[in-house]
Engineer: 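Please find one structure pasted underneath; my questions will follow.
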Amino acid sequence: MKWYRNLYIGKTLEGKKKQIMRCVRTGKKVRDLYLILLREDQEHNQLEIMEQSFLYTLLYDTDSVLIVGAASGMSEAKDLLVSMTEEVYRATGGALLRDYFLSCQTE
């Protein structure tokens, strides 16, 4: 699994970025942690919200995952996704989130 270089963090998790990343990498479960993912194996999907506890059970190949955001709870994850979409729209004039995040990741 890879991490987006400018990882988006929900308000509840601000200041805990490194701790969250370490927990996800090591497989330590964090209560109510939702991740916003971009999966290489699904080229037509924009982004996906997944509870951290399901990450390893639903994804056999976690190397094909780019984590672009982390939030506490589904509501905060949705709010974060809206903020991300608005930012991409302001930067590009469109809502092609997948293309935007992949291009930013490779710069």
Side-chain angles (χ1 to χ4, degrees):
M1 108 186 41
K2 296 168 242 156
W3 295 88
Y4 183 59
R5 66 167 57 177
N6 299 315
L7 184 68
Y8 291 85
I9 297 288
K11 291 180 183 180
T12 306
L13 300 178
E14 285 180 359
K16 299 179 182 178
K17 178 180 172 180
K18 289 183 181 181
Q19 179 184 358
I20 293 299
M21 291 173 75
R22 184 175 49 251
C23 288
V24 172
R25 262 192 238 112
T26 61
K28 181 179 179 187
K29 294 199 167 102
V30 178
R31 185 172 178 255
D32 214 25
L33 177 63
Y34 283 78
L35 302 171
I36 300 173
L37 312 172
L38 192 151
R39 292 174 48 184
E40 291 175 6
D41 61 342
Q42 294 186 351
E43 64 187 60
H44 297 294
N45 287 349
Q46 291 279 343
L47 297 171
E48 180 175 353
I49 298 174
M50 182 178 290
E51 190 173 7
Q52 182 226 2
S53 60
F54 294 114
L55 182 66
Y56 300 104
T57 55
L58 295 178
L59 299 176
Y60 302 109
D61 181 15
T62 55
D63 289 335
S64 69
V65 173
L66 176 65
I67 300 173
V68 294
S72 180
M74 178 59 91
S75 178
E76 187 174 270
K78 289 177 182 178
D79 291 344
L80 187 58
L81 189 54
V82 168
S83 296
M84 294 163 66
T85 304
E86 289 171 346
E87 183 178 314
V88 170
Y89 184 78
R90 280 192 302 275
T92 67
L96 297 174
L97 285 82
R98 176 183 201 78
D99 295 343
Y100 178 80
F101 293 127
L102 289 175
S103 70
C104 288
Q105 187 72 1
T106 58
E107 289 178 352

Engineer: Can you tell me how far apart CD1 (I36) and CD (Q46) are? Round to the nearest 0.5 Å.
Structural biologist: 13.0 Å

Engineer: Which heavy atom in Q52 sits nearest to a heavy atom in C23, and how many Å separate them?
Structural biologist: NE2-O, 4.1 Å

Engineer: Under 4.5 Å between side-chain heavy atoms, hopping through other hydrophobics if needed: is there a path connecting L96 to L102?
Structural biologist: no

Engineer: Does anything in residues 66-92 pair up under ring-ring contact (aromatic ring centres under 6.0 Å, His included), and if so which pairs, sequence neighbours excluded?
Structural biologist: none

Engineer: Are Q105 and N6 packed together at the side-chain level, in the sense that at least one heavy-atom pair is separated by less than 4.5 angstrom?
Structural biologist: no

Engineer: State which residues pass side chain to side chain contact (heavy atoms under 4.5 Å, CB included) with R90; sequence neighbours excluded, sorted by chain then number.
Structural biologist: E86, E87

Engineer: Of all residues at least two apart in sequence or in a different chain, which pass the side chain to side chain contact (heavy atoms under 4.5 Å, CB included) check with L7?
Structural biologist: W3, I9, K17, M21, I67

Engineer: For residues L13 and L33, determine if any side-chain heavy atom of one lies less than 4.5 Å from a side-chain heavy atom of the other.
Structural biologist: yes

Engineer: Decide if atom CZ of R25 counts as having more than 12 heavy atoms of other residues, nucleotides or ligands within a radius under 6.0 Å.
Structural biologist: yes

Engineer: Using distance only, find each side-chain donor-acceptor pair of residues 74-81 under 3.5 Å and give its atom names and separation, not counting sequence neighbours.
Structural biologist:
from: E76; atom 1: OE1; to: T12; atom 2: N; distance (Å): 3.1
from: E76; atom 1: OE1; to: T12; atom 2: OG1; distance (Å): 2.5
from: E76; atom 1: OE2; to: S72; atom 2: N; distance (Å): 2.8

Engineer: Under the side-chain contact (heavy atoms from CB on, under 4.5 Å) rule, what do L47 and T85 come out as? Steps first, then yes or no, please.
Structural biologist: CA-CA 10 Å; L47 297 171; T85 304; over 6 Å; no

Engineer: Testing the basics here: between V68 and M84, what is the closest heavy-atom pair and its distance to 0.1 Å?
Structural biologist: CG2-CE, 3.6 Å

Engineer: Who are the ring pair (Phe, Tyr, Trp, His ring centres under 6.0 Å) partners of F101, not counting sequence neighbours?
Structural biologist: Y4, Y8

Engineer: Identify the two heavy atoms, one from G73 and one from Y34, that lie closest to each other, and give their separation to 0.1 Å.
Structural biologist: C-CD1, 3.5 Å

Engineer: Using the side chain to side chain contact (heavy atoms under 4.5 Å, CB included) criterion, which residues pair with K18? Sequence neighbours excluded.
Structural biologist: none

Engineer: Quick one: CG on L37 to NZ on K2, what's the gap to the nearest 0.5 Å?
Structural biologist: 12.0 Å

Engineer: For M1 and V24, what are the C-alpha separation, side-chain angles and deciding distance, and is it a side-chain contact (heavy atoms from CB on, under 4.5 Å)?
Structural biologist: CA-CA 10 Å; M1 108 186 41; V24 172; 3.6 Å; yes

Engineer: CZ of R31 to CD of E51: how many Å apart, nearest 0.5 Å?
Structural biologist: 10.0 Å

